[in-house]
Amino acid sequence: MKLNRTTIGAGGALALVALTLTFWYWPRGETAAVAVAEAAVKVDDSELPAVGITHVKATRIAPQVSYPGTVVSRNDSRLAADFEGRVEWVAEVGTVVKQGEVVARLDSQMAAMQLDSDKANVARLGAVLQFDRAHATRMQELLERKVMSKSAADQAVSTRDSNEAALKQAQAALKRSQYQLEHAEIRAPFDGRVVARLINAGEYANAGKDVV
């Protein structure tokens with residue numbers, strides 16, 4: 001019995017010493033591990049960006065207010081044809097055009113043929129008038145020499161004057177043909193947008209009929 005107590009007492013003493021050594025070494029090892037971990041995650045403050053702090057506040061950047069109203073264009077025109085003809089082309093609705101741009105086009109073949117006819121008529125009457133003027137001058141000279149009757153001289157002068165009037169009329173018709181040929185293309189009188197096609201390609205337009 002004595003031997004057993006001694007053995008137990010010695011074992012207890014050894015266990016107490018081991019426990020004391022464990023408690024003495026444990027804090028020092030944990031402190032070293034924490035120091036190593038902190039050194040690994042430590043960041044250089046010089047590499048961090050500068051951070052500023054401000055207060056958030058609500059602000060209306062673009063206030064909007066709705067009002068009832070009507071949009072009215074400054075210029076609103078119905079463009080019509082200047083002469084009779086078949087419509088070849090009309091601009092689409094929504095087309096934006098500048099002043100002077102074509103918005104519709106009529107068939108110009110008839111106007112071109114009329115222009116050629118009027119040119120020929122002017123040339124013919126010009127040649128006839130040239131003869132009548134020379135003839136009237138000769139008749140007047142013969143009348144002064146009393147070798148020609150006054151009625152014959154007056155007839156030559158009347159023919160000359162009549163052909164002068166006919167030539168002026170032919171020249172006016174030539175200008176009209178030129179005008180019609182130039183206006184076979186209907187152009188915008190101002191900058192704008194096509195909002196309605198009042199006639200379609202292939203239809204026949206009379207003078208003064210709204211086209212676009």
Side-chain angles (χ1 to χ4, degrees), residues 72-93 95-212:
V72 180
S73 59
R74 183 169 298 177
N75 295 310
D76 187 3
S77 298
R78 291 175 174 261
L79 305 183
D82 289 336
F83 62 95
E84 298 179 355
R86 181 175 56 84
V87 179
E88 287 187 346
W89 172 81
V90 182
E92 295 290 341
V93 174
T95 303
V96 177
V97 295
K98 297 293 184 181
Q99 182 179 2
E101 291 185 353
V102 179
V103 295
R105 185 181 296 110
L106 303 181
D107 185 4
S108 60
Q109 292 184 359
M110 294 298 297
M113 289 188 292
Q114 185 63 44
L115 179 63
D116 293 338
S117 176
D118 291 339
K119 286 181 178 179
N121 192 34
V122 168
R124 180 185 63 82
L125 290 175
V128 171
L129 182 59
Q130 185 177 2
F131 171 80
D132 290 342
R133 286 172 177 172
H135 181 65
T137 300
R138 286 193 300 269
M139 296 297 289
Q140 188 66 27
E141 292 175 353
L142 292 175
L143 178 63
E144 292 176 356
R145 294 166 55 184
K146 300 189 183 298
V147 293
M148 181 61 62
S149 64
K150 189 175 185 306
S151 60
D154 292 341
Q155 181 65 35
V157 172
S158 176
T159 302
R160 179 200 63 191
D161 294 343
S162 177
N163 285 333
E164 284 183 349
L167 178 61
K168 291 180 180 179
Q169 185 177 8
Q171 290 172 342
L174 177 61
K175 291 181 180 179
R176 182 174 61 253
S177 298
Q178 290 175 338
Y179 176 86
Q180 290 180 349
L181 184 61
E182 292 173 357
H183 287 74
E185 294 181 338
I186 302 176
R187 300 180 179 273
F190 47 80
D191 297 348
R193 184 188 300 271
V194 177
V195 297
R197 301 173 67 180
L198 306 178
I199 196 171
N200 294 317
E203 295 181 333
Y204 196 82
N206 296 318
K209 180 178 178 60
D210 293 337
V211 174
V212 65

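Contact of the Val90 side chain with the Ile199 side chain is registered, since non-hydrogen atoms from C-beta on lie closer than 4.5 Å. Looking only at side-chain heavy atoms (C-beta outward), Leu106 and Arg86 stay at 4.5 Å or farther from each other. The shortest side-chain heavy-atom distance between Arg176 and Gln180 falls under the 4.5 Å cut-off. Residues Arg197 and Glu92 are in side-chain contact: their nearest non-hydrogen atoms beyond the backbone lie under 4.5 Å apart. Counting only heavy atoms from C-beta outward, the side chains of Asn121 and Arg124 approach each other to under 4.5 Å. Side-chain contact between Val212 and Val194 is present, with heavy atoms from C-beta onward closer than 4.5 Å. Two residues are said to be in side-chain contact when any heavy atoms from C-beta on lie closer than 4.5 Å; Leu198 and Asp210 meet this criterion.
Judged purely by atom type and a 3.5 angstrom limit, Ser117 has no side-chain atom pairing as donor or acceptor with the backbone of Met113. Without hydrogens or angle criteria, Glu144 side chain to Glu141 main chain gives no donor-acceptor distance under 3.5 Å. A donor-acceptor distance shorter than 3.5 angstrom exists from the side chain of Glu101 to the backbone of Lys98, with no hydrogens or angles considered. In this structure a side-chain-to-backbone donor-acceptor pair under 3.5 Å is missing from Ser158 to Asp154.
Considering all non-hydrogen atoms of both residues, Ser177 and Gln114 come closest at OG-CG, 3.3 Å. Residues Ala152 and Met139 share a closest heavy-atom pair of CB-CE, 3.5 Å. What you find for Val97 and Ala188 is that their closest heavy atoms are CG2-CB, 3.8 Å. Closest approach of Leu115 to Gln178, counting heavy atoms only: CD1-CG, 3.2 Å.
Taken from CZ in Phe131 to OG1 in Thr159, the straight-line distance is 9.5 Å, to the nearest 0.5 Å. We find the CG-OH distance between Asp107 and Tyr204 to be 9.5 Å, quoted to the nearest 0.5 Å.
Remark: Arg105 does not engage Glu88 in a salt bridge, criterion side-chain N to carboxylate O under 4.0 Å. The residues Arg133 and Glu164 are annotated as salt-bridged, a charged nitrogen and a carboxylate oxygen being separated by less than 4.0 angstrom. The existence of a salt bridge linking Glu185 and Arg187 is confirmed by a sub-4.0 Å separation between a basic side-chain nitrogen and an acidic carboxylate oxygen.
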